[in-house]
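All remarks here apply to the structure that follows.
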Amino acid sequence: MINNRIKNTFQNLEKNKKKALITFVTGCDPNYKTSQKILNELVKQGTDLLEIGMPFSDPMADGPSIQRSSLRALNGGANIKKILGLVSDLRKKNKITPIILMGYLNPILSFGINNFFKSAKKAGTDGVIVVDVPPEEDSEIFNSAKENNIDLIKLATPTTGTERLKKILKTCSGFLYYVAIKGITGTKSANPKLVKDSITSIKKNTNIPLAVGFGIKSPSDAKVIANTGCNGIVVGSALVKIIENSLKNKKSNHNIALKVGNMVKNIKQKI
């Protein structure tokens, strides 16, 4: 099962010898309206796939900047229903860009797994990443995703061995998200040689597109990682930091979206 929007996006980019630019921001950070503006601007400036974070009070895989973005969103009243509202609003204007929801199991369980996937599909979601569910325990999530024709995108890391990778790939569709560094997001830069070696090794086991995330902080980082044999790159913490810094500097909502969009435009030109 592969979702058409995600599949088509990667295929079209490959035909044109381009890499996918996947951008992550936390949904409803700092509030619903600003978040809407940011997401629209990301697409306008060249994002190929949108990844929207579902705020959670204990996002353990995320670095300080994304943790703070989650808390800002939660303090502003964010919940899964509102995140699905963002997806739904985007879909009314945009039928092409794949939308991926990324988050942790706890809020999905509270919402109800079946209810979540059904509602996500209705809103126009193409893929879901649940960071803290190992392949041994993902059958319920996988089945619900499959029933609703939503790709379950899985993570692999520098410490993932071949046997583990095979388990992960069994329930993975859309693309495989390769975490380029050990540790949390937004802390250090990825080592391009290690990333290249890992991608070569992973590609021996699967034809699924590979996107590299964590440790891509600038347009120059993006350029280097885009040349490692991957099919796409994910940029998140760098964008979330722009939102945070703009809020500290009391920029208007409009300005925040433009600043984030400008970074995306610069990255897009490099990959």
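The residues of the chain are indexed from 1 along the displayed sequence.
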Could you tell me if the side chain of N245 sits less than 4.5 Å from the side chain of K248, heavy atoms only?
yes
Would you sort out whether L84 and L101 count as a side chain to side chain contact (heavy atoms under 4.5 Å, CB included), showing the intermediate values?
CA-CA 9 Å; L84 294 173; L101 294 177; 3.8 Å; yes
Indicate, with yes or no, if L13 and I271 share a hydrophobic cluster defined by side-chain heavy-atom contacts under 4.5 Å among Ile, Leu, Val, Met, Phe, Trp and Tyr.
no
Pairing residues for K268 by the side-chain hydrogen bond (donor to acceptor under 3.5 Å, both in side chains) criterion, not counting sequence neighbours
D48
Who passes ring-ring contact (aromatic ring centres under 6.0 Å, His included) against F10, sequence neighbours left out?
F175
Would the distance check show the side chain of Y32 and the main-chain N or O of G76 forming a donor-acceptor pair, the cut-off being under 3.5 Å?
no
Under the side chain to side chain contact (heavy atoms under 4.5 Å, CB included) rule, what do E41 and L258 come out as? Steps first, then yes or no, please.
CA-CA 7 Å; E41 191 65 23; L258 291 179; 3.7 Å; yes
Taking all non-hydrogen atoms of both residues into account, name the closest pair between N148 and K121 and its distance.
O-CD, 2.8 Å
Counterpart residues, side-chain hydrogen bond (donor to acceptor under 3.5 Å, both in side chains), relative to N115 (two or more places apart)
S119
Are more than 12 heavy atoms from other residues, nucleotides or ligands located less than 6.0 Å from atom NZ of K93?
no
Using a strict cut-off of less than 4.0 Å between a Lys/Arg side-chain nitrogen and an Asp/Glu carboxylate oxygen, indicate whether R91 and D126 qualify as a salt bridge.
yes
Check whether any side-chain heavy atom of M102 lies under 4.5 Å from a side-chain heavy atom of F24, and answer yes or no.
yes
Do any N or O atoms from the side chain of T125 and from the backbone of A120 form a donor-acceptor pair under 3.5 angstrom?
yes
With side chain to side chain donor-acceptor pair (under 3.5 Å) as the rule and sequence neighbours excluded, what pairs involving residues 10-30 come up?
T23-T47, T26-S69, D29-R72
Is a side-chain N or O of K259 found less than 3.5 angstrom from the main chain of I242, in a donor-acceptor match?
no
Side-chain donor or acceptor of N31 paired with backbone N/O of T34 under 3.5 Å
yes
Taking all heavy atoms of S246 and all of I256, pick out the closest pair and write down the distance.
CB-CG1, 3.5 Å
Once side chain to side chain contact (heavy atoms under 4.5 Å, CB included) is applied, do any residues pair with K166, and if so which ones, sequence neighbours excluded?
T162, E163, N205
Is any side-chain heavy atom of F111 closer than 4.5 Å to one of M54?
no
Nearest atoms (heavy-atom pairs only) where D221 meets G215
OD2-O, 3.8 Å
Can you list the residues that meet the side chain to side chain contact (heavy atoms under 4.5 Å, CB included) rule with A78, with sequence neighbours excluded?
C28, P55, A73
If you round to the nearest 0.5 Å, how far is CD of E244 from OG of S237?
10.5 Å
For the hydrophobic clusters of this structure (ILVMFWY residues joined by side-chain heavy atoms under 4.5 Å, transitively), does one cluster hold both I80 and L109?
yes
Main-chain N/O of Q67 paired to S70 side chain as donor or acceptor, under 3.5 Å:
no
Do the side chains of L74 and F56 join up, straight or via other hydrophobic residues, at under 4.5 Å, putting them in one cluster?
no
Test side chain to side chain contact (heavy atoms under 4.5 Å, CB included) applied to I216 and V234, step by step
CA-CA 8 Å; I216 301 171; V234 187; 5.9 Å; no
Between V240 and S65, which heavy-atom pair has the shortest distance, and what is it?
CG1-O, 3.5 Å
Close side-chain approach of D58 to Y104, heavy-atom, < 4.5 Å:
no
Any chain of hydrophobic side-chain contacts (each under 4.5 Å) joining I83 to V130?
yes
Main-chain N/O of R5 paired with T9 side-chain donor or acceptor, under 3.5 Å:
yes
What about L71 and L247, same hydrophobic cluster or not, with Ile/Leu/Val/Met/Phe/Trp/Tyr joined at side-chain heavy-atom distances under 4.5 Å?
no
For K203, which residues count as a side chain to side chain contact (heavy atoms under 4.5 Å, CB included) partner, sequence neighbours excluded?
I199, L210, N231
Could you work out, with side-chain hydrogen bond (donor to acceptor under 3.5 Å, both in side chains) as the rule, every residue matching T97, not counting sequence neighbours?
N94
The salt bridge (charged side-chain N to carboxylate O under 4.0 Å, His left out) partners of D197 (sequence neighbours excluded) come to K193
How long is the straight-line distance from CG of N255 back to CG of N262, given to the nearest 0.5 Å?
11.0 Å
Is there a side-chain contact between F116 and V128, using heavy atoms and a 4.5 Å cut-off?
yes
Checking T157 now: which residues fulfil side-chain hydrogen bond (donor to acceptor under 3.5 Å, both in side chains) with it, not counting sequence neighbours?
T159, T160
Under a 3.5 Å distance rule, please check whether D151 uses its side chain to pair with a backbone N or O of I153 as donor and acceptor.
no
To the nearest 0.5 Å, how far apart are CG in L50 and CD1 in I38?
11.5 Å
Non-hydrogen side-chain atoms of S35 and L86 separated by less than 4.5 Å
yes
When every non-hydrogen atom of V87 is compared with those of A123, the smallest separation belongs to CG1-O, 3.6 Å
Euclidean distance, I150 CD1 relative to F142 CZ, rounded to 0.5 Å:
13.0 Å
For L239 and M263: C-alpha separation, side-chain torsions, deciding distance, then whether side chain to side chain contact (heavy atoms under 4.5 Å, CB included) applies.
CA-CA 7 Å; L239 304 179; M263 173 68 134; 3.6 Å; yes
Residues passing the side chain to side chain contact (heavy atoms under 4.5 Å, CB included) test with S220, sequence neighbours excluded, are S218
Nearest heavy-atom neighbours spanning I168 and P135:
CG1-CG, 3.9 Å
Look up atom CD in Q269 and atom NZ in K223, then write down how far apart they are to the nearest 0.5 Å.
11.5 Å
So CD1 of I6 and CD1 of I99: to nearest 0.5 Å the spacing works out to 10.0 Å
Suppose we screen for ring-ring contact (aromatic ring centres under 6.0 Å, His included). Which residues come up paired with Y178, at least two apart in sequence or across chains?
none
